Structures are given as structure tokens and as C-alpha cells.
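In what follows, a structure is listed as C-alpha cells, so that the remarks can point back to it.
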Amino acid sequence: MKALRRFTVRAHLPERLAALERLSVNLRWSWDRPTQELFATIDSGLWEQFGQDPVAVLGGVSPQRLDELAGDEAFLERLDHLAAELDTYLTRPMWYQERTSAGVSLPTGIAYFSMEFGVAEVLPNYSGGLGILAGDHLKSASDLGLPLIAVGLYYRSGYFRQSLTADGWQREDYPSLDPQGLPLRLLTDASGEPVLVSLAMPDGGQLNARVWIAQVGRIPLLLLDSDIPETEHELRSVTDRLYGGDQEHRIKQELLAGIGGVRAIRAFTAVEGLPEPQVFHMNEGHAGFLGVERIRELVTDGELDFDTALAVVRSSTVFTTHTPVPAGIDRFPVEMVERYFGSSEAGSELVPGVPLDRIVAFGAEDDPSKFNMAHMGLRLAQRANGVSLLHGTVSRGMFNDLWPGFDQDEVPIGSITNGVHAPTWAAPQWVELARELVGSEDLSSLSEADTWKRLQQVDTGHLWWIRSQLRELLVEDVRRRLRRSWLERGASEAELGWIADAFDPNVLTVGFARRVPTYKRLTLMLRDPERLERLLLDEERPVQLIVAGKSHPADDGGKALIQEIVRFADRPEVRHRIAFLPDYDMSMARFLYWGCDVWLNNPLRPLEACGTSGMKSALNGGLNLSIRDGWWDEWYDGENGWEIATADGLADESRRDDLEASSLYDLLEKSVTTKFYERDEHGVPRRWMEMVRHTLQVLGPKVLASRMVRDYTEKYYAPAAASLHRTIEEVDGVPFGAARDLAAFCERARGSWPNVRITDVDGYGLPDTPLLGSELTLTAKVHLDDLRPDEVVVEAIVGRVDTADVLVDPLVVPMTHTGSADGNDVFSSTTPLPVAGRVGYTVRVLPHHRLLAADDELGLVTLA
Ligand SMILES: *Cc1c(COP(=O)(O)O)cnc(C)c1O
């Protein structure tokens with residue numbers, strides 16, 4: 001009989017076992033193996049039955065067993081040790097504190113906003129890469145000691161669970177999560193009442209939310225939940241599921257995450273007595289409304305004018321974009337945004353004092369009827385980045401229109417390549433080997449390339465033995481999942497005898513698992529089905545292939561691709577060598593990254609912003625076989641895997657698929673399988689294992705989320721905090737004087753700019769036949785309208801020109817103000833010619849203010 005409703009009752013722990021409660025609710029257990037083993041010891045059956053969930057184990061374990069453990073000295077010793085270790089982990093100085101002690105100025109608080117967080121399987125608050133990345137960001141921030149507070153939504157059903165129908169069509173189920181059964185606590189005020197975050201809705205209603213706190217090591221993750229009695233009936237479903245519902249639903253979620261998120265942080269820091277965050281990081285544009293709320297705070301509570309408030313907010317906001325395609329950006333009808341933010345001059349109940357037209361302007365784009373969340377992110381953040389080198393370049397092109405007059409490579413969007421959290425994704429066998437090589441429990445030296453060099457000492461046979469163990473574990477998991485899936489699809493046990501020997505722990509194992517949007521090309525491997533089949537069934541050098549991934553519930557195209565794979569893999573001829581496993585999630589992913597020899601990725605370049613699954617595979621000695629997109633474009637070095645040739649730019653998509661699939665088959669046939677099956681007298685594939693060793697050594701230190709979080713700290717968070725500091729300074733006793741000055745400057749610069757002109761440029765000083773290094777003197781006369789000469793920079797741009805007279809990689813030389821003539825200001829420079837060949841020059845003027853991150857920030861430029 002199925003229960004109508006369910007709820008969770010927590011067990012009463014004997015006094016002596018009280019520390020178990022603390023260990024179970026801090027999600028640090030999810031990357032601390034000894035703590036996991038402790039919970040498995042309590043009741044190994046429950047541990048497996050509940051999917052490795054400490055809270056569930058404590059809920060399900062019998063009182064007798066607890067009493068027994070309370071008298072078990074060995075258990076108590078481990079418990080006390082791990083509890084003490086957790087306390088040390090939570091309080092001891094880490095990298096961040098060491099940097100601060102060394103005199104480096106770092107922010108006292110950082111707020112990190114994301115719509116999804118994949119921290120652990122017990123909290124299924126993610127759909128794919130973006131969420132897992134956010135989870136890895138938190139875990140590494142914890143390991144490094146960052147004072148970071150994370151904010152998102154608590155989805156009652158999380159993301160869907162995937163299963164298959166008999167004919168291979170994706171089915172979705174939405175589990176209902178009970179927060180009482182999860183490692184969450186409610187944010188309460190001083191009197192113990194739940195804190196309520198409230199947003200005024202256009203019809204006079206209130207969208208209220210409680211705030212759950214998940215503790216991710218040292219990092220609190222605040223999750224807003226609208227499904228509470230205090231919220232009106234139809235608004236309770238706002239946080240029902242991730243990526244479900246229409247745009248009206250979605251905008252409410254984003255308003256709650258952004259505006260409600262800031263309000264939740266204010267309540268949290270007040271209750272906990274923590275410093276206010278100085279830096280606000282938007283992980284994707286979804287939480288962009290946080291900037292509007294911060295402006296409201298400064299306008300209504302700080303009595304600043306809108307532009308001054310905006311200057312403060314921009315100085316301290318970091319925006320990360322994750323999509324290389326315009327279609328991947330969230331856009332709302334302007335009419336919808338107007339409805340939520342009110343139509344009066346004075347703004348709305350939602351954010352009183354913030355004028356609607358200014359809010360709408362944040363999201364302006366080509367289409368006047370659309371409000372673009374990425375544009376809002378860029379306009380609210382002084383600093384922005386993409387998530388790999390290539391994606392940085394693509395983003396600068398994609399958003400070039402926001403900086404008209406600038407070349408693509410000058411667009412102020414940088415990049416930080418994503419990373420993955422090693423303690424979460426590396427197999428225990430590798431962690432153990434790392435401990436042996438480092439000679440310590442403390443693995444923080446893994447961020448140094450030298451540490452990974454020590455792998456040189458390890459016997460190739462030993463490395464192969466680890467790889468083989470991991471492949472075997474994967475094969476066992478694949479069989480378990482295959483059986484479960486076939487039973488769900490209606491097969492009977494009697495028909496499933498073949499599964500016991502399906503897949504082979506000695507066969508070259510290729511993994512392909514990811515969400516199923518079109519650009520990832522799930523079915524490229526089926527381009528030539530006979531050729532694939534020959535690879536799978538080769539007598540001497542067979543390949544086995546494991547495929548997984550969820551399609552968005554509304555994407556029937558994606559579901560059809562899954563069905564195509566399932567139908568191919570269902571056939572008795574090949575079903576022991578290829579399988580589609582339903583319900584790709586963190587628990588399945590872990591076995592795949594551990595055990596696959598080859599990680600396959602064949603996106604349409606350059607549509608994969610970064611990709612992280614291949615990094616997780618590399619961290620376990622998997623070799624990547626991938627199109628050079630995202631991170632692989634940056635770090636493929638010819639020996640750490642294979643590059644599938646891309647016909648990038650070919651307009652005929654079908655031909656492009658043919659070419660790229662053919663490159664994929666060629667590589668598998670001629671290089672991948674031959675290396676894997678070439679064995680020495682001990683059965684070890686030497687050349688293969690040298691590639692594995694090389695992969696670990698060169699990619700190990702790079703793919704780490706700790707490297708990523710350090711990069712964010714040094715290149716984005718610290719500069720943003722410094723900008724904030726300078727921007728909010730008093731000037732002549734006026735609070736926020738610097739910000740007021742910057743705001744007034746921006747307004748004057750924008751007002752004057754249409755009249756700024758370069759009226760004359762003169763070049764002289766060169767000999768009759770100029771040589772490389774000959775000195776060129778340039779003078780420019782500039783009409784500056786209301787601006788002073790020190791409020792602009794004038795630059796000479798000198799370099800080689802192509803046949804269309806476009807300057808290629810030119811040298812930018814600042815010109816100095818040398819006087820004035822007939823109402824114009826004169827600027828000049830002298831520079832040796834930097835290149836030989838066809839050379840040209842021009843001059844440009846940009847506004848300059850000490851509080852701008854760069855002179856191109858305002859997007860204003862005048863060319864001669
Ligand atoms: C790492 C991971 C992803 C993201 O992988 P991509 O390479 O970015 O597609 C998605 N889902 C799960 C469960 C993961 O662990």
C-alpha cells in the first residue's frame with residue numbers, strides 16, 4: 001500500500017552518540033570518506049538502502065543498535081576522533097586565512113547566488129553541470145576557508161528522476177522531498193521564530209519564503225522555500241521544481257532567488273552576527289535581480305540617488321556567464337518585468353524607490369519586447385567572466401554589442417576555467433595513493449604541479465591495477481542498474497540472465513554521459529551504426545560503451561535521441577556491450593568517472609562553454625576523446641587524450657556530423673583500441689598507461705575546483721572588494737562621496753560623448769623610408785565638450801594592417817596632454833614602429849575615471 005503522505009521522525013540519540021547528529025547534518029561527510037564509513041558501520045544495510053544518507057540511517061536505525069554502539073569502545077573512539085576532526089576543519093586557519101595573515105587584502109564576506117546546487121545526492125537540487133559546478137565551488141570554498149554564503153531555492157521536488165518505458169521513451173517522476181528528512185535547519189530569529197522573507201506581488205499578494213540552511217563544510221547554503229502556510233495558495237508552488245513551469249513561474253523563481261536571496265542574507269548575517277558580504281557573485285544571470293534589491297537598499301535605507309547606488313553595486317558584483325549561445329539566455333517579455341516592478345515613476349512595492357525605466361534598461365537588447373537576464377548581469381557587474389578561455393572569447397563576441405566601437409578582444413569579459421572538487425570526484429584508491437605520495441593526510445599540496453610529478457615514481461603495473469579495479473566496480477554498478485531498468489521496463493527476472501555477464505571488466509570502456517540538448521549530439525556515435533557495431537563486437541579489440549543523460553521534460557527532440565540509443569542498445573547482438581542507463585545523477589556519475597577508460601565528448605564546437613565531466617574522468621586517469629571545445633580546447637596537449645577533428649564552421653550540418661563522426665570512428669579503430677590492447681608480458685598496456693600517468697600529471701593540478709576558487713578570489717573577489725572600498729569612501733565628509741563622484745562623472749561623460757570629436761590627427765618624424773623601430777610622433781586635436789583632459793584617455797593605435805586596412809593586434813600607446821589650440825585639446829605620443837610591413841595607425845578617445853575597472857567599461861569610445 002502506498003502512503004498518502006509521509007514525514008520524517010528523527011531518532012533519539014543516546015547522549016554518548018550525540019556527535020553523530022552533528023556529523024550527519026554537515027554535508028562535509030559527502031567528501032570525507034572516514035565519516036561515510038562510520039555511518040556505514042552503524043547499519044550497512046540501511047546505508048546502502050537509503051543511498052548513503054547519514055540522516056536517513058539515523059532515522060532508520062533501531063534503538064537497540066544505538067545502545068549497542070553507545071557501548072562499543074572502538075566505535076566511540078572513531079566517533080570522537082571524527083567529531084574532533086570536523087571541529088578542527090570548521091575552525092582552523094585555511095588558505096584564505098593564511099593569505100589574510102600574510103597581509104593580502106581579501107573580502108570579509110562573499111555572497112554566491114545560483115539557481116541550482118549539486119552538493120550531494122541526498123540534496124537533489126541540480127539538473128546538470130551548472131549545479132554541480134556550484135556545489136564544487138562551495139566545497140572548495142570551504143576547504144580554502146572562504147567567508148562565503150551561498151543562496152538558492154529549495155525545490156520541493158528537485159529535478160526529475162528518469163526512467164524508461166518499454167519502448168525506450170523517457171519517463172519523469174518528481175519525488176517529493178521532505179526537508180525534515182534532509183540535513184537542513186530553519187533560519188530562525190532571536191526569539192526562535194522562522195525568519196520569513198517577503199516579496200510584494202503585483203496583485204497585492206505576498207510571496208513569502210522560509211529559509212533552510214544546509215551546512216556545506218564551513219559554507220552555509222541558504223535555500224528559500226515558498227511552500228509554507230504563510231504563503232497564499234497559488235504562490236506556494238513557486239519553488240516546486242527546478243526548470244519546470246512557464247515564464248511567469250520562472251520569473252517568480254528568479255525574483256525570489258535574487259531579491260529574496262539578498263533579504264535572506266541580511267537576516268542570516270544579523271542572526272549569526274557575521275559581516276555583511278562585500279562581493280556578490282551571480283553564477284549565471286538567473287539571480288540578476290539581486291542587484292536591483294541592493295540598489296533599493298542603498299536608495300531607501302542609505303538615501304543614495306539611483307546612479308550612486310548603481311555605482312556601489314557595480315563595483316562589488318561579479319557576473320559569470322555559462323552559455324555560448326543566445327538561445328541559452330533567460331529572456332522575459334518586458335511587459336512581464338514591468339508588471340512585477342510596477343508602472344509608477346516611484347517604482348513598486350517590490351523594490352520601492354527604484355524607478356521602473358531604469359530596471360527595464362538593465363535588460364535591454366536588440367528586441368525591444370525582451371528583457372535579457374545576461375545583459376542585466378553585465379550591466380550590474382563591473383567584472384564578468386566566461387568559464388574557459390575559448391568561452392571567454394566566444395562571450396566577448398556574443399556581447400560585443402554592449403560595447404559598440406570596441407573590437408571583440410577588448411570587450412571586458414575575462415575567463416576562469418571551471419574546475420572539479422577532487423575529494424568528491426576522485427576514487428578512494430587515488431586519494432589513498434595521493435596520501436602515500438604526499439606522506440600526509442593533508443592533501444592541500446595537490447594544487448601544486450610538483451606534487452603530481454611524484455606519480456613518476458609509481459610503478460606502471462600499480463597504476464594499471466587501480467584502473468582495472470575501478471573498471472570492475474563500474475561493471476558491477478552497470479549490471480545493477482541495467483537489471484533495475486529492465487525490470488522497470490516490464491521485463492521479468494527470467495529474461496535477464498544475460499545481465500550477469502553483460503559488460504566485461506577487461507574490455508576498453510567508453511563513457512558518454514551528459515544532459516541531452518541538441519548541441520551535445522548524443523547520437524553522433526550512431527552516425528554509422530554498422531561501424532559502431534563492428535567496434536563493439538571486435539573479436540580482438542572490443543569496445544564497451546555506457547551512455548546516460550536526461551532530456552529536459554519539455555524537449556521531445558532530446559527524448560527521441562535517447563530512444564534511438566536505447567533501441568540500438570536493446571538488441572541482443574550488442575546489449576552486452578552498449579547500454580543506456582537511466583537517471584544520470586551524482587551517484588551514477590561517480591562510478592562512470594572512476595571506471596571509464598575513455599571519456600567521450602562530441603559537442604558542436606564552440607557550444608560547450610566548458611564541460612566538467614571530462615575533468616572528473618581525467619582526475620581518475622580517464623583519457624578524453626573529445627572535440628576541442630570548452631576546457632579541452634585549452635588543455636589538450638597531444639598526449640593526454642585525443643582530439644576529434646571538428647568541421648567547425650561548415651554550414652552543412654549533416655556533412656559536418658559525417659566528418660566528425662568519421663574522425664571519431666577512425667580514432668577509436670586506429671589509435672584508442674590499439675593502444676589499450678597492446679600489452680607487455682605482464683598484461684599491462686604500457687603506452688596506454690603512460691598516457692594515463694601523463695594525464696594525471698598535467699591535468700591533475702589544473703582541473704581542480706580549488707584552483708578555480710583561488711582564481712576567482714584573486715582575480716575577481718579581491719579586486720571587487722577593493723573597488724567597493726574605494727567606491728564607498730567619504731569625500732570631504734560626504735558619505736559615499738567617491739560613488740557620487742563616479743556617478744556624476746558617468747552622467748557627464750554620457751552627456752558629453754555625442755559631442756566629443758577628434759578634429760585632427762597628424763603623424764610626423766619618420767624618415768623617408770621608415771624602418772622597424774623608426775620613431776613616429778602623433779598629435780591629435782580633440783574636442784572634449786564638458787570633459788576635462790584628465791577625464792579622458794587618448795590613445796594612439798599603431799600596427800600592421802590587413803588588406804581591408806583593419807589593424808591587427810595593434811600596439812596601444814597612451815598620448816599625453818600637451819596643450820590646447822583653437823578650443824581643442826592637443827595630445828601627443830612618440831613611439832617606435834612596432835612591426836614591419838604594411839603599417840597603419842589611428843587615434844581614439846575614451847572616458848577615464850579612477851573608479852572604473854577599465855577605460856572601456858562605459859562602452860564609450862570615439863575614433864578618429
Ligand atoms: C559533472 C556532471 C555534469 C556536467 O558534466 P558536463 O561535462 O558539463 O556535461 C552533469 N551531471 C552530473 C551528474 C555531473 O556529475
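We use all heavy atoms of the structure for the numbers below, so side chains are in, but hydrogens, waters and symmetry mates are not. When a ligand or atom number is given, it counts from 1 through the structure's own listing order. What you are looking at is a predicted structure, and each value in this text was computed from that prediction instead of being measured.
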Near Gly611, which atoms of ligand 1 are under 4.0 Å from a heavy atom of that residue?
-> 7 (O), 8 (O)
Geometric N/O contact Glu608 with ligand 1, under 3.5 angstrom = no
Determine the interplanar angle of the Trp594 and Phe591 rings, folded into 0 to 90°, and report it as parallel if under 30°, tilted if 30 to 60°, perpendicular if over 60°.
-> perpendicular
Judged by atom type as modelled, is there a donor-acceptor pair below 3.5 Å linking the side chain of Ser663 to the main-chain atoms of Ala645?
-> yes
May I ask you to test the Asn26-Tyr89 pair for a side-chain heavy-atom distance under 4.5 Å?
-> no
Distance filter under 4.0 Å to Ala589 heavy atoms, resulting ligand 1 atoms | 13 (C), 15 (O)
Lys520, any N or O under 3.5 Å of ligand 1 N or O | yes
His322 (side chain) donor-acceptor with Leu130 (main chain) under 3.5 angstrom | no
Do the ring planes of His281 and Tyr712 sit parallel (below 30°), tilted (30 to 60°) or perpendicular (above 60°)?
-> tilted
Can you tell me the protein heavy atom closest to atom 10 (C) of ligand 1 and the distance?
-> Gly129 N, 3.7 Å
Got the closest protein heavy atom to atom 13 (C) of ligand 1, with its distance?
-> Asp585 C, 3.6 Å
If we only count heavy atoms from C-beta on, is the Leu221 to Leu138 side-chain gap below 4.5 Å?
-> yes
Would you check the N or O atoms of Lys616, main chain and side chain alike, for any that come under 3.5 Å of an N or O of ligand 1?
-> yes
Measure the distance from atom 11 (N) of ligand 1 to every protein heavy atom, then report the residue, atom name and distance (to 0.1 Å) of the closest one.
-> Tyr584 CE2, 3.4 Å
What atoms in ligand 1 come closer than 4.0 Å to a heavy atom of Arg514?
-> 9 (O)
In this structure, are over 12 heavy atoms from other groups packed under 6.0 Å from Gln49 atom CD?
-> yes
How about Ile329 and Asn372: do any of their side-chain heavy atoms sit closer than 4.5 Å?
-> yes
Could you say whether the N/O atoms of Ser613 and ligand 1 ever approach to under 3.5 Å?
-> yes
Mind checking whether Thr612 has an N or O less than 3.5 Å away from an N or O of ligand 1?
-> yes
Heavy atom under 4.0 Å from ligand 1: found in Trp425's side chain, backbone, both, or neither?
-> side chain
